Participant: 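Submitted below is the structure of interest, expressed as structure tokens.
Within every chain, numbering begins at 1; the chains are lettered A, B, ... in the order of the sequence lines, protein sequences first and strands thereafter. Being a predicted model, the structure only gives us computed values, none of them experimental.
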Amino acid sequence: MQKPGLPEGTRDFGPEQSRKRNYIFDTIRAVFIKFGFQPLETPAMENLSTLTGKYGDEGDQLLFKILNNGDFLQKADPDALEARDSARLASSISKRGLRYDLTVPFARFVVMNRHALTFPFKRYQVQPVWRADRPQKGRYREFYQCDVDVIGSDSLLYEAELVQIYDEAFADLQLPVEIRINNRKILYGIAEVAGITDRFTDMTVAIDKLDKIGFDGVRKELSDRGIPAAAVATIEKILSASDLEALQPVFAASETGKQGLEELEQVFRYLEKVPLRNEVRFDITLARGLSYYTGCIFEVLAKGVKMGSIGGGGRYADLTGVFGMPGLSGVGVSFGADRIYDVLDMENLFPDALTESVRILFAAFDEATHLYAFECVSAVRAAGIPADLYPTPGKLKKPFDYAAKCNIPNVAIIGETEMQERTVTVKNQQSGEQKSMSLDELLQYLSGH
RNA sequence: GAGGAUGUAGCUCAGUUGGUUAGAGCGCUAGUUUGUGGCACUAGAGGUCGGGGGUUCGACCCCCCUCAUUCUCCCCA
């Protein structure tokens, strides 16, 4: 006999967890649909050529690769095999990999189906993704993303809609969040003003850590990355500006920076027109890792909870370009369902009703009454009410025990008398109240209890 | 990729400086007037102590190796 186990960083979801997860998915999906997004599903695996080079060097290393079928070593690169060079060998023995996110497969889909799509194309996608990261708290190797993207328009209307979607979905989930927004062009403008456009990435990585390591830490990080002291001083001065207005004079010398400012102002002009239930905040230090973002970027943090971001996204001016379809701008955001689950669980924010499986359990005493009970449970089900029949007739201890453990609120007792009178005796598990009623009365009773 | 922690019953964990037959709680099964659950009581099943090697008269305990899980850093949802 072998010991059963699960691969590192993956999990089973039992009935209760699944119900809670579906609650999250359903809530988010309903908002997506309301905003006019259309469903899309893509395969778990993609050609590696589709995935590699889209997420930076680190991302490439986190891709799960799938071993080719058949006698793959026969066709393996003999030199790489001899040299034990895994990186080089991989391409000759693996041509497919598990998807790393939902955005790149979406871009591939758009390019392949451009003839059939009407732009701007709004799609949502709720599927698992896989990353060969070292698992830890709030980080898994298999996790779900709920993505919404619009492709084929550079209108800032969509940035505003996506903020609204975040706001509404988290309000529906009763989870207070802070939605942070920034613009890649503002970050580039900082680099321009500081005269270090060649060190743009180093700069963003460093200032992204501001709320974690403070100004002193950022200063050190910038210096360590070889950015001159004068530039560090300039950056620090710009970072201390907390609102958009204060940045106006700073970007007098940066066309890109100015443009970033204008974009954010436009987004806020839209948002001023609608009521929002969560805090939306401009955060100049927000950077985000993925290299394809070009305009607005977003991040969502749960308030008062120690957990990484539970959502993020941004504008990418030319994601489809690598697949041979340039000039198509897109913007999208993602909900990290598994982290949202962890936060809702920690904060006890799941609705109580989620634990209920069926409304009523039928229990009978012998073969004859069991048959009548089967008739009854079928009638209840036919009325669209979830119901169950305990499989073995006999003493009532077992079915009552079962009902208690499965959180079933009503138990119907079916005995000789009930069968004769064509009634059922229903006990409410919570109040202990018990009464006899006809089947019609039962249906009415159940729709209320 | 770097570093730490933990592996003992189905689950959560005790286990003395190394000493006879390895424990508890929960869960499970069966009972406690054969038409009534959560509670209580009684009885019972269930472990090659992650695996391999070593030290020792003797190892759950000490040493080495290995596997698995988990946490932190990097990075991310």
Participant: In the strands shown, is B:rG47 matched to any nucleotide by a Watson-Crick or G-U wobble pair with both distances under 3.5 Å, and which?
Facilitator: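 The base-pairing partner of B:rG47, which may sit in any strand shown, does not exist here.
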Participant: Tell whether A:Q136 reaches the base of B:rU70 with its side chain through a donor-acceptor pair below 3.5 angstrom.
Facilitator: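 It does not, because no donor-acceptor pair links the side chain of A:Q136 to the base of B:rU70 below 3.5 Å.
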Participant: Hey, are the side chains of A:L442 and A:V380 touching, using non-hydrogen atoms and a 4.5 Å cut-off?
Facilitator: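 With C-beta onward as the side chain, the pair touches.
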Participant: Need one value for A:S309: base, sugar-phosphate or nothing, where a base atom within 4.0 Å counts as base even if backbone is also close, heavy atoms only.
Facilitator: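 The residue A:S309 makes sugar-phosphate contact but no base contact.
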Participant: For nucleotides B:rC63 and B:rC76, find the distance between their C1' atoms and express it as a whole number of Å.
Facilitator: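 It comes out at 40 Å once rounded to the nearest Å.
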Participant: What's the verdict on side-chain hydrogen bond (donor to acceptor under 3.5 Å, both in side chains) for A:D147 and A:S334, showing C-alpha distance, side-chain angles and the deciding distance?
Facilitator: CA-CA 4 Å; A:D147 271 33; A:S334 179; 2.8 Å; yes
Participant: Should A:K398 be listed as having a side-chain N or O under 4.0 Å from OP1 or OP2 of B:rA30?
Facilitator: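 Answer yes for this pair, as a side-chain N or O of A:K398 is under 4.0 Å from OP1 or OP2.
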Participant: May I ask you to say what A:D401 touches in the nucleic acid, namely base, sugar-phosphate or nothing, with a heavy-atom cut-off under 4.0 Å?
Facilitator: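 The answer is sugar-phosphate, as A:D401 gets under 4.0 Å only of primed atoms, P, OP1 or OP2.
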Participant: Who is the Watson-Crick or G-U wobble partner of B:rG25, with both distances under 3.5 Å?
Facilitator: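 Here B:rG25 is engaged in a pair, and the nucleotide opposite it is B:rC11.
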Participant: Whether A:R141 engages the ring of A:F64 as a cation-pi pair (distance to the six-membered ring centre under 6.0 angstrom, angle to the ring normal within 45°) should be assessed.
Facilitator: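 Geometry flag: not set, cation outside 6.0 Å or 45°.
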Participant: Taking the minimum atom-to-atom distance to the side chain of A:I413, which one of B:rG35, B:rC74, B:rG38 wins?
Facilitator: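 Selected nucleotide: B:rG35.
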Participant: Among A:L187, A:D283, A:N183, A:I181, which residue satisfies the side chain to side chain contact (heavy atoms under 4.5 Å, CB included) criterion with A:I297?
Facilitator: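 Only one of A:L187, A:D283, A:N183, A:I181 forms a side chain to side chain contact (heavy atoms under 4.5 Å, CB included) with A:I297, namely A:L187.
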Participant: Using heavy atoms to find the nearest nucleotide of RNA chain B for A:K405 and A:I408 separately, return the residue whose nucleotide is more 5′.
Facilitator: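 On the 5' side of the pair lies A:K405.
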Participant: Under 3.5 Å, is there any donor-acceptor pair linking the side chain of A:Q430 to the base of B:rG37?
Facilitator: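 Side chain to base: no pair below 3.5 Å.
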Participant: Go ahead and name the base partner of B:rU34; Watson-Crick or wobble counts if both distances stay under 3.5 Å, otherwise write none.
Facilitator: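 B:rU34 is paired with nothing.
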Participant: Tell me what A:T369 touches on the nucleic acid: a base, only sugar-phosphate, or nothing, going by heavy atoms under 4.0 Å.
Facilitator: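 If one applies the 4.0 Å heavy-atom cut-off, A:T369 turns out to touch nothing in the nucleic acid.
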Participant: Base, sugar-phosphate, or nothing: which does A:F335 touch, judged by heavy atoms less than 4.0 Å apart?
Facilitator: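 Answer is nothing: A:F335 stays at 4.0 Å or more from every strand.
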Participant: Round to a whole Å and report the spacing from CG of A:L6 to P of B:rC67.
Facilitator: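 Going from CG in A:L6 over to P in B:rC67 covers 20 Å.
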Participant: When all nucleic acid strands are considered with a 4.0 Å heavy-atom cut-off, which category describes A:E8: base, sugar-phosphate, or nothing?
Facilitator: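 Touches sugar-phosphate only.
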Participant: Does B:rU55 pair with anything, Watson-Crick or G-U wobble, both distances under 3.5 Å, and if so, with which nucleotide?
Facilitator: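 Base partner found: none.
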Participant: Of all the nucleotides listed (B:rG37, B:rC75, B:rG35), which has the minimum atom distance to the side chain of A:F365?
Facilitator: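 When the side chain of A:F365 is considered, B:rG35 is the closest of B:rG37, B:rC75, B:rG35.
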Participant: Nearest to the side chain of A:P135, heavy atoms from C-beta on, is which of B:rC74, B:rU36, B:rU70?
Facilitator: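 Given the options B:rC74, B:rU36, B:rU70, the side chain of A:P135 is closest to B:rU70.
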Participant: Start with the C-alpha distance between A:D101 and A:Y55, add both sets of side-chain angles, then the distance that settles side-chain hydrogen bond (donor to acceptor under 3.5 Å, both in side chains), and finish with yes or no.
Facilitator: CA-CA 10 Å; A:D101 72 356; A:Y55 310 106; 2.7 Å; yes
Participant: Any strand is fair game: report the nucleotide pairing with B:rG18 by Watson-Crick or G-U wobble, both distances under 3.5 Å, or none.
Facilitator: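 Check on B:rG18: unpaired, no WC or wobble geometry under 3.5 Å.
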Participant: Would you mind classifying the nucleic acid contact of A:P7 as base, sugar-phosphate or nothing, using non-hydrogen atoms under 4.0 angstrom?
Facilitator: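 Here A:P7 touches the backbone only, sparing every base.
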Participant: Examine the base of B:rG37 for any acceptor or donor lying under 3.5 Å from a partner atom in the side chain of A:K427, and report the outcome as yes or no.
Facilitator: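 Under the 3.5 Å cut-off, the side chain and the base do form a donor-acceptor pair.
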Participant: If we call it a pair only when both distances are under 3.5 Å in a Watson-Crick or G-U wobble match, what pairs with B:rG3?
Facilitator: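 B:rG3 is paired with B:rC71.
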Participant: Which letter, B, S or -, goes with each nucleotide of nucleotides 4-12 of chain B from 5' to 3', with contact meaning a protein heavy atom under 4.0 Å?
Facilitator: ---------
Participant: Pick the closest RNA chain B nucleotide for A:K137 and for A:I310 by heavy atoms, then say which residue is nearer the 5' end.
Facilitator: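 On the 5' side of the pair lies A:K137.
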Participant: Paired with B:rC76 by Watson-Crick or G-U wobble geometry, both distances under 3.5 Å: which nucleotide is it?
Facilitator: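 Because no pair has both required distances under 3.5 Å, B:rC76 counts as unpaired.
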Participant: Touch check for A:E142, heavy atoms < 4.0 angstrom, all strands: base, sugar-phosphate only, or nothing?
Facilitator: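 It contacts nothing in the nucleic acid.
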Participant: Could you check whether A:Q61 gets within reach of a base, just the sugar-phosphate, or nothing at all, counting any heavy atom under 4.0 Å?
Facilitator: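 No contact.
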Participant: With the side chain counted from C-beta on, respond yes when A:Y316 and A:S329 share a heavy-atom pair under 4.5 Å apart, and no when they do not.
Facilitator: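 No - every pair of side-chain heavy atoms lies 4.5 Å or more apart.
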Participant: Look at the side chain of A:R139 and decide which nucleotide, out of B:rG38, B:rG35, B:rC75, has an atom nearest to it.
Facilitator: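 The nucleotide sitting nearest to the side chain is B:rC75.
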Participant: Is the ring of A:Y402 stacked on the base of B:rG37, with centres less than 5.5 Å apart and planes under 30° off?
Facilitator: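 It does not: the ring fails the test against the base of B:rG37.
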Participant: Among the nucleotides B:rU36, B:rC75, B:rG35, which one has an atom lying closest to any side-chain atom of A:T417?
Facilitator: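 Closest nucleotide to the A:T417 side chain: B:rG35.
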Participant: Using the P atoms only, state how far B:rU72 lies from B:rU56, rounded to an integer number of Å.
Facilitator: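 Result for the P pair: 42 Å, nearest Å.
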Participant: Contact class for A:V129 (heavy atom, under 4.0 Å): base, sugar-phosphate, or nothing?
Facilitator: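 Nothing: the residue A:V129, judged by heavy atoms under 4.0 Å, touches no strand.
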Participant: Is the shortest heavy-atom distance from the side chain of A:I340 to the side chain of A:F170 under 4.5 Å?
Facilitator: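 Yes, close enough: below the 4.5 Å cut-off.
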Participant: Any side-chain heavy-atom pair from A:D149 and A:R123 closer than 4.5 angstrom?
Facilitator: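 In short, these two side chains touch, coming nearer than 4.5 Å.
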Participant: So, are A:K34 and A:E168 salt-bridged, with charged N and O less than 4.0 Å apart?
Facilitator: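 Yes, A:K34 and A:E168 are salt-bridged.
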